[in-house]
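Numbers restart at 1 for each chain; the letters A, B, ... are given by sequence-line order, proteins then strands.
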Amino acid sequence: MSRTRDIRSADSPPAPPASAPDPQRVALLLRPPLLVGAAALGGARVARGIASLFAGTLLRAINRQSERGAVAEQMFNIGNRSLFFVAVTLGFIALVSVFQVCLQLNRVTGDLSKVGLELIKLMVHESAPSLTAMMLATRVGAGIAAEIGSMVVTEQVDALRMSGVDPVSYLILPRFLACLLMTPVLAVFAFGVALGSGTAMAYVAFGVNPSIFVDFSAVTAADVGIGVVKCFCFGAAIPVVSGYCGLTTFGGSEGVGAATTRAVINASLAVLALDLLLTVAGFMLFPPSAA
Amino acid sequence: MTIEFRDLHKSFGAQHVLRGLTMTIERGEVFFIIGTSGVGKSVTIKHLVGLLQPDSGEILVDGKPVHGLAEREYYPLRKRLGMVFQHSTLFDSLTVLDNVALPLRKHQRMRMSAAREAAKERLAVVQMERYADRWPAELSSGMRKRVAIARTLTLEPQYVLFDEPTTGLDPVSARRVDEMIKRLQTLDVTSVVVSHDLTSIFTIADRIAFIYQGQAHIIGTPEQLRAADDPIVQQFISGRSDGPMETPGF
């Protein structure tokens, strides 16, 4: 043992003691868990901020602290100005879906009489609310974050506070109420457009009679109920999530851009997460056999 | 009636901006806060109205602490302390008239019609009544500044905080803003002005605080500042690029 140690020390630098770990190696090993930890803490901070903003907005809604006329203005911005976007998106999705389903069914069974029935059921409790909400998350969410974010970086939000105006009542609440009310309206409109385009596709491309295609017999009260609840939940989540991103904007125009991107991503994720949660809850409350 | 900052500290991340700022502003004076960009001048006055909270230290207005209050507790204070922001900061979605009427509606719970009438009077004071129905985007920077001043004065505050009121204005408009600030003094209004504008500083200031490295490096009258044998102060006044002064980012 002693001889070996002597030879090593003569030919090469002494090796570090076995008990002392290499600091660089330790730092490298610790890096992934530290990154995960930091991301988790950041996520928790954002979730807490959004929950707090949601609670504050709800409290102000109960106390009716919204500016007169502001809700109607936002309803126009969020609702009317989204009509074309929602109609085109849902219309095309229905066209493609019906085409693909009919094409596959034609190859397998050739019976297309149930396509409309299933499409309508799916649209009522799933597609119309969630796809409408996803479209709103992109169009409305980006708009809310950009507008509020610009106000933050140009100190307009500080000026509001100096003028005795509560930014949540003034900026978030009207958008919250407008989105809450307009999401179900847009979803119903989207359902109508999708049904119309789907029916047209089935008739034109596959000769399915519209009186057979438009069949509401599979739609239950539970389907309608789940669809409506989803609309309200998505309508509440989109303005709060994107409003939070706007209010926490930091920096100049670059910060506004980052906030807008964050708003679209977070609002879309919120819609997807809520969709999963509500679908599972709906499935448990109204099992398919009962539905 | 005074404003006191006692050993104020404020950091933004790793950047330690205010490092024990201590100074007193007396009633009725035009008090200038000067210093290089990024030294914490705007940060200092934002602490007064609760737009920022200190990490440590005390801020007293008329002997009462005004730090660490809840947002609603700042509302009465913000009626007495008005602020004119650096870029005027008018609300894009409101007309000039409604911009000026907003503080009256919110702070004084005035009805819309009454607030608009009062706002028209305030706009007349700054010769902007003809532009009452315009949108902020349609105004020049000097006009926007005048509207912002009208909006701030609409509540008849005892203290007015001006954040770089003459920045971006032509020399004539800048001097008119100076005159407006000086006129406020006759109404027993205390003005706290953050500025780089040496003409304003040496024309209308009663006292000046020169902020350097997060502290009040020197406080005195314009004459005292001019006569100071401090090389840092002299470099700032003369605007020389060479000298002992450290400027962040340069």
Side-chain angles (χ1 to χ4, degrees), chain A residues 38 42 45 49 52-53 55-57 59-60 63-74 76-78 143-144 146-175 178 243 246-253 255-256, chain B residues 12-13 42-43 45-52 69-94 98-112 115 119 136-137 144 147-148 151-152 154-155 157 159-161 163-164:
Chain A
R45 205 166 36 242
S52 165
L53 182 61
T57 308
L59 202 69
R60 286 164 177 86
N63 294 334
R64 304 178 72 175
Q65 291 180 4
S66 182
E67 189 87 354
R68 192 181 294 172
V71 178
E73 188 186 328
Q74 290 303 325
F76 180 79
N77 282 339
I78 292 169
I144 290 174
E147 192 177 348
I148 296 176
S150 301
M151 290 183 74
V152 169
V153 299
T154 56
E155 295 182 317
Q156 286 185 58
V157 172
D158 282 345
L160 279 177
R161 292 166 70 192
M162 286 302 296
S163 299
V165 180
D166 170 28
V168 176
S169 298
Y170 192 79
L171 298 173
I172 307 293
L173 184 55
R175 288 163 176 82
L247 285 174
T248 51
T249 302
F250 186 79
S253 51
V256 177
Chain B
F12 296 96
S42 301
V43 167
I45 59 170
K46 282 184 178 177
H47 277 89
L48 269 175
V49 283
L51 296 178
L52 289 173
L69 306 178
E71 181 69 11
R72 288 223 162 261
E73 292 176 291
Y74 279 108
Y75 286 2
L77 184 74
R78 289 173 190 161
K79 282 191 209 173
R80 295 197 296 132
L81 276 97
M83 183 164 175
V84 179
F85 288 85
Q86 187 174 351
H87 303 292
S88 304
T89 316
L90 301 180
F91 307 121
D92 299 331
S93 56
L94 300 180
D98 287 341
N99 259 283
V100 180
L102 189 66
L104 291 169
R105 285 174 48 220
K106 293 297 173 180
H107 273 306
Q108 298 193 344
R109 305 275 170 210
M110 269 192 187
R111 296 180 71 85
M112 178 67 101
R144 289 164 68 93
V147 175
R151 185 178 66 186
T152 304
T154 196
L155 295 170
Y159 300 92
V160 183
L161 316 175
D163 193 357
E164 305 202 18

(message) Would A/D166 and B/E71 count as a side chain to side chain contact (heavy atoms under 4.5 Å, CB included) here? Give the steps.
(response) CA-CA 9 Å; A/D166 170 28; B/E71 181 69 11; 5.8 Å; no
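Heavy-atom distances place the side chain of A/Y170, and not its backbone, under 4.5 Å from chain B. For B/Q108, no part lies near chain A; criterion is any non-hydrogen pair under 4.5 Å. Of the two parts of B/L52, neither the backbone nor the side chain holds a non-hydrogen atom closer than 4.5 Å to a non-hydrogen atom of chain A.
With values rounded to the nearest 0.5 angstrom, A/E155 atom CD is found 3.5 Å from B/K46 atom NZ. To the nearest 0.5 Å, atom CZ of residue B/F91 and atom CE of residue A/M151 are 6.5 Å apart. For the atom pair CG (A/L160) and NZ (B/K106), the distance works out to 9.5 Å, reported to the nearest 0.5 Å. Taking CZ of A/R161 as the start and OH of B/Y74 as the end, the distance is 9.0 Å to the nearest 0.5 Å.
Annotation for B/F12: atom CZ counts as buried by contact number, over 12 foreign heavy atoms lying within 6.0 Å.
The most heavy-atom pairs under 4.5 Å with chain A, out of B/R105, B/H87, B/Q86, B/R72, come from B/R105. Interface summary for chain A: among B/T152, B/L81, B/D92, the most heavy-atom pairs under 4.5 angstrom belong to B/D92. Per-residue heavy-atom pair counts under 4.5 Å with chain A were compared for B/L77, B/L90, B/L155, and the maximum is reached by B/L90.
Smallest separation of non-hydrogen atoms from A/G164 and B/H107: N-NE2, 3.1 Å. For the pair A/T154 and B/T89, the tightest heavy-atom approach, listed with the atom from each and the gap, is O-CG2, 3.2 Å.
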